Amino acid sequence: MCLCFFVYLCIHIMEQTDKYKALAAFIRGYFTAYINGIYDAGNKKPDNEINPQTIKTIVMEHYDNMVSQYNDTLFFIISQLNYSLDEIEKHLKSMDPENTSFIELMRMACRTDEMYEAMKAEYKRNVYALLEGRFTKAAEHLKLYTRSNMKDNVDCELAIRLLVRTVMTAYAAGIREADTGKATLKQATLLSLLTENITLILHDKPLDTAKLDRIKTMDEYIRYVCRTDKNIYAMMDEMNITYENIIKGEGIISNDDMAN
């Protein structure tokens, strides 16, 4: 094998991630963002961290709408993991909207029975953790997420963009669900949610604490999480697109907007 081809192969591998790894991050990202959206909208003390009892209470009080929003958010996200936009459109046109259940839609989105079963397993794993008053930690998630027997990859850029869309849409949905009249996107929470869930797509183990201790700026931290300039651009660009197309259009403004 010539050196040039070996370098190309290594770069190509680095630019892809496993679909099931991405799927698991999307599902975790949805639940963490939705719960934090509700919490941030009702929290009168910005520096307070969400505690286990609060997580349990939010889940029990908002479970039905959380599930409904899950289907609305993840259907198109998971579909884009498995189909082109033209293929999604053709599938939807072939379905009878009045006689198609959310289960049938999610089966279509997952494309294979294996991915559908993985989606259900990840859903249950995250909900059980929430009912215990916690979000799954990186080490636990990376050890236990549902894997496939087959190698099935997706471009990292697409996975990052879909993750950003998932998190920002779910966070905004949580703010709306809280119905407190407070429609402010908390930048610190959102960036934390994005980086911790992108980590689960691009890394095989939790971030090295020794390296984290040497990081002095947010830019350095984002570079460590995202690994490449291409991935950083994908995250930032999709944040801007999603904010303009979805969140701002619903009247949810960022802290920066308030300052301007």
Side-chain angles (χ1 to χ4, degrees), residues 11-34 36-37 69-89 91-92 106 108-111 115 118-119 122 126 138 141-142 145 152-174 185 187 189-204 207 218-219 221-250 252 254 256:
I11 292 173
H12 183 67
I13 291 172
M14 286 177 63
E15 290 180 343
Q16 292 194 323
T17 189
D18 182 77
K19 274 189 181 181
Y20 287 75
K21 191 176 188 181
L23 174 72
F26 298 162
I27 294 170
R28 182 190 183 277
Y30 169 80
F31 284 113
T32 55
Y34 191 84
N36 272 282
Q69 185 64 43
Y70 174 90
N71 291 327
D72 290 345
T73 302
L74 270 297
F75 168 72
F76 280 108
I77 296 296
I78 297 174
S79 294
Q80 289 174 76
L81 197 61
N82 294 306
Y83 303 95
S84 68
L85 292 177
D86 286 342
E87 288 174 325
I88 297 171
E89 185 178 359
H91 277 291
L92 291 175
M106 292 306 288
M108 186 279 280
C110 291
R111 193 159 194 159
M115 180 163 280
M119 184 274 294
E122 290 304 302
N126 280 276
H141 176 92
L142 291 170
Y145 79 84
D152 194 4
N153 288 339
V154 62
D155 286 347
C156 286
E157 179 179 355
L158 176 60
I160 290 168
R161 287 182 179 276
L162 293 176
L163 185 280
V164 171
R165 234 172 287 165
T166 300
V167 167
M168 293 185 70
T169 303
Y171 184 71
L185 184 157
Q187 295 274 10
T189 299
L190 186 59
L191 196 55
S192 175
L193 290 167
L194 289 171
T195 51
E196 72 180 34
N197 286 293
I198 288 174
T199 295
L200 304 179
I201 290 176
L202 299 179
H203 297 258
D204 294 322
L207 300 180
M218 180 55 71
D219 286 345
Y221 176 64
I222 291 173
R223 175 164 294 281
Y224 179 31
V225 168
C226 291
R227 293 191 163 188
T228 69
D229 288 341
K230 184 177 180 181
N231 291 340
I232 294 172
Y233 175 79
M235 183 186 84
M236 296 298 185
D237 184 55
E238 196 61 41
M239 285 176 68
N240 290 331
I241 292 171
T242 305
Y243 179 62
E244 291 295 331
N245 291 348
I246 301 175
I247 296 179
K248 194 172 182 179
E250 296 179 358
I252 296 174
S254 74
D256 290 343

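All of these numbers come straight from a predicted model, not from anything done at the bench.
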Got a second to check how far [X]'s [atom1] is from [Y]'s [atom2], nearest 0.5 Å?
| X | Y | atom1 | atom2 | result |
| --- | --- | --- | --- | --- |
| Asn71 | Ile78 | CG | CD1 | 9.5 Å |
| Leu163 | Leu158 | CG | CG | 11.0 Å |
| Leu191 | Met235 | CG | CE | 6.0 Å |
| Gln16 | Asp152 | CD | CG | 10.0 Å |
| Tyr34 | Gln69 | OH | CD | 6.0 Å |
| Leu162 | Asp155 | CG | CG | 11.0 Å |

Candidate pair Tyr30 and Asn126, rule side chain to side chain contact (heavy atoms under 4.5 Å, CB included), full reasoning: CA-CA 10 Å; Tyr30 169 80; Asn126 280 276; over 6 Å; no
Taking the side chain as every heavy atom from C-beta outward, state whether [X] and [Y] have any atom pair closer than 4.5 Å.
| X | Y | answer |
| --- | --- | --- |
| Glu122 | Arg28 | no |
| Thr17 | Asn153 | no |
| Leu74 | Met119 | no |
| Ile247 | Tyr171 | no |

Please name the pair of heavy atoms, one in [X] and one in [Y], separated by the smallest distance, quoted to 0.1 Å.
| X | Y | result |
| --- | --- | --- |
| Met115 | Tyr20 | N-OH, 3.3 Å |
| Ala22 | Ile201 | CA-CG1, 4.2 Å |
| Val154 | Ala159 | CG1-CB, 4.2 Å |
| Ala33 | Leu193 | CA-CD1, 3.8 Å |
| Arg111 | Asn82 | NH1-O, 2.6 Å |

Any side-chain donor near an acceptor of the partner, Gln80 and Arg165, under 3.5 Å: yes
Treating [X] as the side-chain partner and [Y] as the backbone partner, does any N or O pair qualify as donor plus acceptor under 3.5 Å?
| X | Y | value |
| --- | --- | --- |
| Thr169 | Thr166 | no |
| Thr195 | Ser192 | yes |
| Asp237 | Tyr233 | no |
| Tyr145 | Ala25 | no |
| Thr73 | Ala170 | no |

Aromatic ring pairing Tyr70/Phe31, orientation class (parallel under 30°, perpendicular over 60°, tilted between): parallel
Test side chain to side chain contact (heavy atoms under 4.5 Å, CB included) applied to Glu15 and Lys230, Glu157, Arg227, the passing residue: Lys230
Sole residue of Leu202, Ile198, Val225 in side chain to side chain contact (heavy atoms under 4.5 Å, CB included) with Asn231: Leu202
CZ (Phe76) with more than 12 external heavy atoms under 6.0 Å: no
Partner residues of Phe75 under the side-chain contact (heavy atoms from CB on, under 4.5 Å) criterion, sequence neighbours left out: Ser79, Leu92, Leu105, Met106, Met108, Ala109
Residues Leu190, Leu194; criterion side chain to side chain contact (heavy atoms under 4.5 Å, CB included); working and verdict: CA-CA 6 Å; Leu190 186 59; Leu194 289 171; 4.1 Å; yes
Residues Leu142, Lys21; criterion side chain to side chain contact (heavy atoms under 4.5 Å, CB included); working and verdict: CA-CA 8 Å; Leu142 291 170; Lys21 191 176 188 181; 4.2 Å; yes
